[in-house]
Amino acid sequence: MRLCAERVLPELEPIGEAFRERCGLLERLPGALDALWDESPLLRAIACIGLPAEYNPHPLALAGATDGGCPYPLHLAIIEQLSRFDANGLMALPGASLSTRAVLELGDAAQQRRFFERFLDGPHWTFFAVSEPEVGSDASQVRSGWRMDEDGGVRIRADKMLIGGVTRASVGVLYLAGPEGAAPRLAMFEPGAHPGRVETSLLPSLGLRGAGIGRLRIDDCRLPADALLGGHLRGLQQGLNGLTRVFERHRPMVAAMALGTARGLLDGLREHGATGLEGWYLRYRALGRMLDEVAERYQRGESRPAATSQIKFLATEFAERTARLLAHRLPPEAWLRGGRWRRRYRDAFAFEYMEGTRFIHLQHAARAFRPQGGRHGVDA
Ligand SMILES: Cc1cc2nc3c(=O)[nH]c(=O)nc-3n(C[C@H](O)[C@H](O)[C@H](O)COP(=O)(O)OP(=O)(O)OC[C@H]3O[C@@H](n4cnc5c(N)ncnc54)[C@H](O)[C@@H]3O)c2cc1C
């Protein structure tokens with residue numbers, strides 16, 4: 001399936017128009033997209049891509065979907081196409097998120113049931129919390145931690161920052177350092193289950209307001225031992241490797257959002273009479289083909305973390321360069337009136353900080369030029 005090179009899924013156009021209209025309100029009204037969930041069965045199905053079939057009340061009915069599931073290249077194509085309108089909408093909706101993938105990768109059957117069953121009752125937001133104050137991108141330095149207590153339970157303390165959707169989430173996954181000699185682990189956590197010990201707050205942000213980034217502080221909560229994911233796996237697979245596998249699926253999704261955003265900006269410039277954009281469209285298509293290849297390899301089960309870093313880095317950088325065109329190629333009245341294009345300009349610079357920053361991906365991406373083997377779950 002080669003959808004990314006020039007993706008046109010006509011069914012998505014009405015949703016895209018609704019995104020365009022409502023995302024404009026997100027900066028003032030965090031719930032601006034909620035009504036869309038009720039209105040559009042297709043949108044509900046898109047938001048739930050990635051939930052296991054038995055817990056997904058909204059299977060996808062779109063050409064290319066298989067038994068209500070969505071092949072990865074089709075998922076990326078949907079993300080890219082909707083992001084041409086506004087990427088914020090994809091992040092503001094309830095449904096699947098990074099933590100979905102983490103629970104699928106590392107959770108046993110009982111943990112998966114506990115996490116996913118809630119989706120059968122209605123919409124839920126989830127969060128995936130790695131970033132921390134002072135620590136930023138460097139997961140090896142996290143200070144939030146877990147330890148076993150005398151009764152066989154787990155005690156956790158955490159201070160997590162810049163966490164998407166955390167103020168609305170009913171459940172999420174925390175990345176926690178272990179006590180002396182123990183590995184870091186991912187823990188399933190329900191903020192509402194510990195009154196007085198959990199504080200969440202929305203952080204002010206400049207771009208991609210739909211992500212709803214917030215802070216989460218947890219003051220010494222006791223959890224059952226099976227809140228820790230990956231207990232049935234070998235040591236190295238439990239923490240950092242699990243994180244790598246989650247990111248390998250989600251980084252190309254950020255690339256798809258960045259690429260779709262760039263395409264939306266180019267189309268906007270063209271509609272406002274800008275000329276000489278052929279080279280920009282050529283670059284867009286070349287990156288689309290790279291993204292296709294990453295998607296198809298992932299779908300085949302091949303693990304190529306360096307290639308995912310490469311496309312994330314290149315697509316993000318392309319979105320930023322395209323955004324810089326706006327200020328001097330859009331007519332001044334379009335640039336200055338209403339705020340739509342300035343908002344989309346701000347959004348274009350936030351992708352860098354999602355799932356790994358530029359220089360870190362640049363270091364990883366160099367490895368994409370070396371021959372690699374390996375399947376998912378095996379270090380390449
Ligand atoms: C829209 C949005 C949604 C987000 N959602 C989530 C979420 O759901 N969960 C979550 O855990 N986090 C989330 N984040 C946080 C994101 O992952 C962090 O912003 C990121 O980790 C960067 O952290 P920092 O701002 O502290 O920057 P830093 O890590 O301090 O990096 C600052 C700069 O230094 C560079 N740098 C850092 N280390 C090195 C190095 N070793 N070598 C060379 N250069 C380096 C970086 O490339 C970057 O340019 C989100 C961020 C955004 C913008």
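Whatever order the structure lists them in is the order used to number ligands and atoms, beginning at 1. The structure presented is a predicted model; accordingly, all values stated were derived computationally and were not measured.
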Check this for me: R337, atom CZ, are more than 12 non-hydrogen atoms of other residues, nucleotides or ligands nearer than 6.0 Å?
no
Members sharing L25's hydrophobic cluster, built from side-chain contacts under 4.5 Å between Ile, Leu, Val, Met, Phe, Trp and Tyr, are none
Lining ligand 1 at under 4.0 Å, by non-hydrogen atom distance, are residues F128, A129, V130, S131, G136, S137, L162, I163, G164, A211, I213, A350, E352, Y353, M354, T357, R358, F359, I360, Q363
### Heavy atoms from other residues, nucleotides or ligands near CD of E134 exceed 12 (cutoff 6.0 Å)
no
Sorted by chain and number, sequence neighbours left out, side-chain contact (heavy atoms from CB on, under 4.5 Å) with A350 holds for L208
Ring centre gap for Y298 and Y72 strictly below 6.0 Å: yes
Let me have the donor-acceptor pairs involving side chains of residues 192-206, under 3.5 Å, with sequence neighbours excluded, atom names and distances please.
unit_1	atom_1	unit_2	atom_2	d
R197	NH1	D219	O	3.0
E199	OE2	R217	NH1	3.4
S205	OG	R209	NE	3.4

